[in-house]
Visitor: 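This is the structure, below, for whatever I ask next.
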Amino acid sequence: MAITPKDADADVYFTTDGSTPTIDNELYVEPLVLTETTLLRAIEVKDGQPSAVTTASYIFTQSVLSQGNAPEGYPDRWGRYTTISGTAKADYEMDPEMTADAALRPKIIAGLSQLPILSVVTDKGNLFNRENNEETGGIYIFTGPPVGDATGNGWTRPCSAELFGGPQHHDFTVDCGLKLHGGHGRLAEKNPKHSFRLQFKKTYGPSSLEYPLYGKSEPSKFGQLVLRCHFGNSWQHWSEGNRTKAQYTRDVWARRMQRKLGQPSVNALYAHLFLNGMYWGIYNIAERVDDTFGKEHFGGKKGDYDVIKIEEEGGNHLEASEGTTDSWNEMMQAVRAVAGQSAELSPDEAYEKLDTLLDKSNFIDYMIINQYAGNTDWDHHNWYAIRRNNHREGFRFLCWDSEIILENPAENAVTRRNSGCPTDIFNMLLNNKDFARRYLARAKELLAKDGLLGQQSVVEVWDSLYSTISLAIYDEAARWGDYRRDVHNWQDRTNTVYTVDKHYMAERNRLLTRYFPVRTATVLSQITQYVQPYIGTDGIDVVSGLPAMAHDYYNLQGQRVVHPAKGLYIRNGKKLILR
């Protein structure tokens, strides 16, 4: 491996362990022979002035397969537990039982090339230094969770991030900031495999990443990227019930379905994450919903956008992560007025005013997706709303962190109501008959047998995601499938090593045979029963007993009637009585 300096008169100093090189490190004099995973970092020095660091990761399959539990210079303990006593035992190894298995080993090897590799390289102390110091403490030791000891919350460290390989032949390297991401997933006892966020700031490198990460037709400029670890329903999760349902596709499925319904959504890319050359598992690289996301998806300037979310730090509370809550509060005032809770606006005036404050079509689709999915970890948190101000555009809602979904085929999320959240908006808007009729009409369209939320359509998306990671999940199992048996068996009663063939495929089969075939009709029935009383008895189909929507009405001459007068009408050969 040859290193060629840009300036032929410069000296090159390098390291191979991820540390930042200085003039005290080895001087490059001849090509290097690499036989194992190597993190090559180099600087040029001329006239005593060092250049910026250049980083290149070389990942060897054999190194991954033999990845042990005592890497040189890394601690055998991570951070302290927060809700229970003790300190997390470190876990670095690939399960030697799986990597040595004659049937599994070829699948693990093939899985490594199924996805691109994201290699994050930084001084090991930035990750694992046990010194409680805001400037030097390791972010994997001091995770700053939203409950208990918040030490480490927001700590950001410099790193190099490289994405390469995979079916799309990715290839970029960028210097950026690295911090932990998420809520309870930062609790060491609940989840040893943390999520990260890459921040693009001039402090660390370029102020943004410009790269077609999700294809040429999608936005290619990013202020931040989230490296989602898959916490809910994963093999390393603290709850046994979550571990048995691991699929690693639920969250992305919700976002892909939102896009399939014609709505904006957060892009996602699966990748294998390596931390300082150590395999860390399957991650999902997601856009961060911020002002750059708004500008790149919807136009205008970064300063045009309000982004609203529920923040877990300090207890769940609504906040504007970008912009202000002014337009959100104005929207909520109008929503409450629709429900008859305002003396300033009539319900009809408020409903009309909402046209510039809430994208009703987007909101309806967003709600129906979450109701279909039976999202039980929502909407007291895990959602985003974004609005471009000064452009007469309403808030759009985006599916986010939808990991606890598609569980119970009889789950009823339609009746859910959390104050100030999307379900609250839904319930108040049902007081307007136009909205209620429109909602039920869209539900009937989407939840028809051949609708976009019909069995065939949802399984198409589900299977496309499975095809993307069908081999890579063997690598995930080898990395984390033994964690609750061998490392920290908190709330583990079975001493189970989770595998693809036994556990993943059983849950996949359950979904394909016992969830998707019945879920569409179940949710349509739930929505119909809940929404029908808000419509009243106007337009009840005397044959089916279901509400008949305005666009279903025809007069006796067979002409379509949008706003029929009271009387007798015919729909598809069935009598409708308008009372």
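Computed from heavy atoms alone, side chains included, the values below leave out hydrogens, waters and symmetry copies. The structure displayed is predicted, hence computed values, not measured ones.
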Visitor: Indicate whether any N or O donor in one side chain lies under 3.5 Å from an N or O acceptor in the other, for Thr55 and Arg41.
Guide: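 Looking only at side-chain atoms, Arg41 and Thr55 do form a donor-acceptor pair, the distance falling under 3.5 Å.
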Visitor: Any pair with a residue in residues 148-174 that passes salt bridge (Lys or Arg N to Asp or Glu O under 4.0 Å), sequence neighbours left out, goes on the list, sorted by first then second residue, please.
Guide: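 Pairs touching residues 148-174 that pass the test: none.
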Visitor: Check whether the ring centres of Tyr214 and Phe222 lie less than 6.0 Å apart, and answer yes or no.
Guide: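 Close enough - the centres of the two rings lie under 6.0 Å apart.
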Visitor: Looking only at the aromatic ring of each residue, does the gap between the centers of Trp490 and Trp238 stay below 6.0 angstrom?
Guide: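 Yes, the ring centres sit under 6.0 Å apart.
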Visitor: Would you mind reporting whether Thr156 and Tyr204 have side-chain heavy atoms less than 4.5 Å apart?
Guide: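 Yes, close enough: below the 4.5 Å cut-off.
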Visitor: Could you name each residue pair satisfying salt bridge (Lys or Arg N to Asp or Glu O under 4.0 Å) that touches residues 104-117, not counting sequence neighbours?
Guide: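 Qualifying pairs: Lys107-Asp501.
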Visitor: Evaluate the side-chain proximity of Asn382 to Ser402: yes if any heavy-atom separation is below 4.5 Å, no if none is.
Guide: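 A side-chain contact is absent here, since even the closest heavy-atom pair is not under 4.5 Å.
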Visitor: If only atom types and distance count, is the side chain of Arg484 paired as donor or acceptor with the main-chain N or O of Gln236 below 3.5 Å?
Guide: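 Yes, because the side chain of Arg484 sits within donor-acceptor range (under 3.5 Å) of the backbone of Gln236.
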Visitor: Hey, do the aromatic rings of Tyr140 and Trp78 have their centres closer than 6.0 Å?
Guide: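 Yes: the rings meet the under 6.0 Å criterion.
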Visitor: For Tyr530 and Asn412, test the side chains for any donor-to-acceptor distance below 3.5 angstrom and give the result as yes or no.
Guide: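 Tyr530 vs Asn412: no donor-acceptor pair found between side chains.
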Visitor: In chain order, what residues pass the salt bridge (Lys or Arg N to Asp or Glu O under 4.0 Å) check against Arg130, with sequence neighbours excluded?
Guide: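 Once residues adjacent in sequence are excluded, Arg130 has no partner under the salt bridge (Lys or Arg N to Asp or Glu O under 4.0 Å) criterion.
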Visitor: Would you please name every residue forming a ring-ring contact (aromatic ring centres under 6.0 Å, His included) with Tyr81, sequence neighbours left out?
Guide: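 Per chain and number, Tyr81 pairs via ring-ring contact (aromatic ring centres under 6.0 Å, His included) with His488.
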Visitor: Go through the structure and list residues passing ring-ring contact (aromatic ring centres under 6.0 Å, His included) with Phe516, not counting sequence neighbours.
Guide: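 Partners of Phe516 by the ring-ring contact (aromatic ring centres under 6.0 Å, His included) criterion, ordered by chain and then number, come out as Trp462.
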Visitor: Taking only residues two or more places apart in sequence, or in another chain, which ones meet Phe60 in a ring-ring contact (aromatic ring centres under 6.0 Å, His included)?
Guide: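 So Phe60 forms no ring-ring contact (aromatic ring centres under 6.0 Å, His included) with any residue.
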Visitor: Could you tell me whether the side chain of Tyr384 reaches within less than 4.5 Å of the side chain of Phe293, counting heavy atoms only?
Guide: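 In short, these two side chains do not touch, never coming nearer than 4.5 Å.
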Visitor: What pair of heavy atoms forms the shortest contact from Tyr504 to Ile469, and how long is it?
Guide: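 Nearest pair, atom of Tyr504 first, then Ile469: OH-CD1, 4.1 Å.
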Visitor: Look at atom CD of Gln456 and say whether more than 12 heavy atoms of other residues, nucleotides or ligands are closer to it than 6.0 Å.
Guide: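 No - once you tally the heavy atoms of other residues, nucleotides and ligands closer than 6.0 Å, there are 12 at most.
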Visitor: Could you work out, with salt bridge (Lys or Arg N to Asp or Glu O under 4.0 Å) as the rule, every residue matching Asp101, not counting sequence neighbours?
Guide: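 Here no residue qualifies.
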Visitor: List for me each residue that meets salt bridge (Lys or Arg N to Asp or Glu O under 4.0 Å) alongside Lys124, sequence neighbours excluded, and say none if there are none.
Guide: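 Here the qualifying residues are Asp17.
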Visitor: Less than 4.5 Å apart, side chain to side chain, heavy atoms only: is that true for Leu104 and Thr99?
Guide: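 No, their side chains stay 4.5 Å or more apart.
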Visitor: Looking at Phe231, Tyr498, Trp480, Tyr483, which one forms a ring pair (Phe, Tyr, Trp, His ring centres under 6.0 Å) with His237?
Guide: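 Going through the options one by one, the only one that passes is Phe231.
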Visitor: Can you tell me which residue pairs pass the salt bridge (Lys or Arg N to Asp or Glu O under 4.0 Å) test with a partner in residues 56-79, sequence neighbours excluded?
Guide: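 Listed by first then second residue: nothing to list.
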Visitor: Using the side-chain hydrogen bond (donor to acceptor under 3.5 Å, both in side chains) criterion, which residues pair with His317? Sequence neighbours excluded.
Guide: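 Partners of His317 under the side-chain hydrogen bond (donor to acceptor under 3.5 Å, both in side chains) test: none.
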Visitor: With salt bridge (charged side-chain N to carboxylate O under 4.0 Å, His left out) as the criterion, how do Arg479 and Glu476 come out once you've worked through the C-alpha distance, each side chain's angles and the decisive distance to 0.1 Å?
Guide: CA-CA 5 Å; Arg479 181 65 177 88; Glu476 177 72 20; over 6 Å; no
Visitor: State the NE2-OG1 distance between His181 and Thr143, to the nearest 0.5 angstrom.
Guide: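 Nearest 0.5 Å value for the NE2-OG1 distance: 13.5 Å.
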Visitor: Regarding Asp365 and Arg396, does a basic nitrogen lie under 4.0 Å from an acidic carboxylate oxygen?
Guide: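 Result for this pair is no, no salt bridge flagged.
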Visitor: Go through the structure and list residues passing salt bridge (Lys or Arg N to Asp or Glu O under 4.0 Å) with Lys309, not counting sequence neighbours.
Guide: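 Salt bridge (Lys or Arg N to Asp or Glu O under 4.0 Å) list for Lys309, sorted by chain: Glu311.
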Visitor: Which distance, rounded to the nearest 0.5 Å, do you find between the OG of Ser63 and the CE of Met278?
Guide: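 Result: 12.5 Å between the selected atoms.
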Visitor: Tell me which donor-acceptor pairs under 3.5 Å the side chains of residues 266-274 have, and how far apart each pair is, sequence neighbours excluded?
Guide:
| unit_1 | atom_1 | unit_2 | atom_2 | d |
| --- | --- | --- | --- | --- |
| Asn267 | ND2 | Glu218 | OE1 | 3.0 |
| Asn267 | ND2 | Glu287 | OE1 | 3.1 |
| Tyr270 | OH | Tyr248 | O | 2.6 |
| His272 | ND1 | Tyr279 | OH | 2.9 |
| His272 | NE2 | Gly111 | O | 2.8 |

